[in-house]
Number of protein chains: 2
Amino acid sequence: MVTIRNENARTRSQDFVLRENCPQRRIHYILSGKWTSMVLYALSHGTMRTGQLERTLPGVSKKMLTQTLREVEASGLVKRKVFDVVPPKVEYSLTALGETFIEPLRALYTWAENNAAALDELDRNQAQNQR
Amino acid sequence: MVTIRNENARTRSQDFVLRENCPQRRIHYILSGKWTSMVLYALSHGTMRTGQLERTLPGVSKKMLTQTLREVEASGLVKRKVFDVVPPKVEYSLTALGETFIEPLRALYTWAENNAAALDELDRNQAQNQR
DNA sequence: CCGCATCCGACATGATACTG
DNA sequence: CAGTATCATGTCGGATGCGG
């Protein structure tokens, strides 16, 4: 007769805990932004101007694009180059750090391409429930 | 003599466009959830019960934990096993598909661990600006 | 122990209009 | 072309309480 009895309450200590400031939580800031990762991905294909980015990401508003670019710039992932001409011309490109970030991101996107089925389920789920 | 002239307006067509339903946008649904990726990551260490997950992710509310679990379950990334006992006992674990997703996710987390500096910048940026 | 329903505040996103 | 400012709004996430 097997008695479960509390599963050894404290004896079997928790293997690991994802605390408030663990890297896994902090990187989420990059991933959570609606446009952040895609901007980085777009720039991984080469330097782009603002308007170019805008056309690469249909549906993005100027406001969000600018905001996103400021964030990735502040984090050191993207470099902003301003040409002092008229009309204005600004170029964005990945920094060395940004290049390193692209690799795992690309792996994630590759997974997404190879698993459209799972994504379909997600969409269906999304439609039914609230979020 | 090199003339720039409009960058060849339409001649040099856009290399690529991240359209509304591209995989890169759709996978964002998984990543954007505040707890989704961390739940998956936690489960990559083995089967866990609800309360165990709760303790692994300090700060998560019952509501969000349940909601997140329902989502990853509906998408086929996580398996839910209910034991018909009292008090109730439920175990969550990754499906085969979930296991495959963990790999690129782990790559991303590894990057995060190796680049805490960039994450610090993000935090500072986050504090100053609104988001 | 596990899960659901409800209410509610905060904030990210988007539309629009304006500047240089 | 690039960017800012303002306002409207949807919704995500957390608190709380109930139920099996």
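Predicted model, so just to flag it, every value in this text is computed and none were measured. Note on naming: letters A, B, ... go to the chains in the order of the sequence lines (proteins, then strands), and numbering restarts at 1 for each one.
Between B:W35 atom CH2 and D:dG13 atom C1' there is a gap of 10 Å when expressed in whole angstrom units. Nucleotide D:dC12 holds its P atom 12 Å from the NE2 atom of B:H28, rounded to whole Å. Atom pair B:L69:CG and C:dC1:P shows a separation of 17 Å (rounding to whole Å applied). Going from atom CD of B:E54 over to atom C1' of D:dA15 covers 14 Å, rounded to whole Å. Atom CG of A:L53 and atom P of D:dG3 are 10 Å apart (whole Å). Summarising the geometry, the separation between CG on B:D84 and P on C:dC2 is reported as 14 Å, rounded to the nearest angstrom. Rounded to a whole Å, the CD atom of B:E71 is 15 Å from the C1' atom of C:dC4. As a whole-Å value, the separation of B:M64 CE from D:dT16 P is 17 Å.
Of the possible donor and acceptor atoms, one in the side chain of A:T95 sits under 3.5 Å from a partner among the backbone N and O of A:L77. Judged purely by atom type and a 3.5 angstrom limit, B:R25 uses its side chain to pair as donor or acceptor with the backbone of B:R19.
Of the candidate nucleotides D:dG3, C:dC1, C:dC4, C:dC4 has the atom lying nearest to any side-chain atom of B:T66. Taking every side-chain heavy atom of A:P87 into account, D:dC1 is the closest of D:dC1, C:dC2, D:dA2. Of the candidate nucleotides C:dC1, C:dG20, C:dG3, C:dG20 has the atom nearest to the side chain of A:P88. For A:K63, whose side chain is taken as the heavy atoms from C-beta onward, the closest listed nucleotide among C:dC2, D:dA2, C:dA15 is C:dA15.
Between A:L108 atom CG and B:R106 atom CZ the span is 13.5 Å, to the nearest 0.5 Å.
Side-chain contact between B:L105 and B:S37: present, with at least one pair of heavy atoms (C-beta onward) separated by less than 4.5 Å.
Among A:Y109, A:F101, A:W35, the single residue meeting the ring pair (Phe, Tyr, Trp, His ring centres under 6.0 Å) criterion with A:Y41 is A:Y109.
Checking the phosphate oxygens (OP1, OP2) of D:dC1, no side-chain nitrogen or oxygen of A:R49 falls inside 4.0 Å. In this model, the phosphate group of C:dG14 is approached by a side-chain N or O of A:K34 to a distance below 4.0 Å at OP1 or OP2. Between B:Y92 and the phosphate of C:dG3, there is a side-chain N or O to OP1/OP2 separation shorter than 4.0 Å. Residue B:R80 places at least one side-chain N or O closer than 4.0 Å to OP1 or OP2 of C:dG3.
Contact annotation for B:F83: no contact, since no heavy-atom pair falls under 4.0 Å across all strands.
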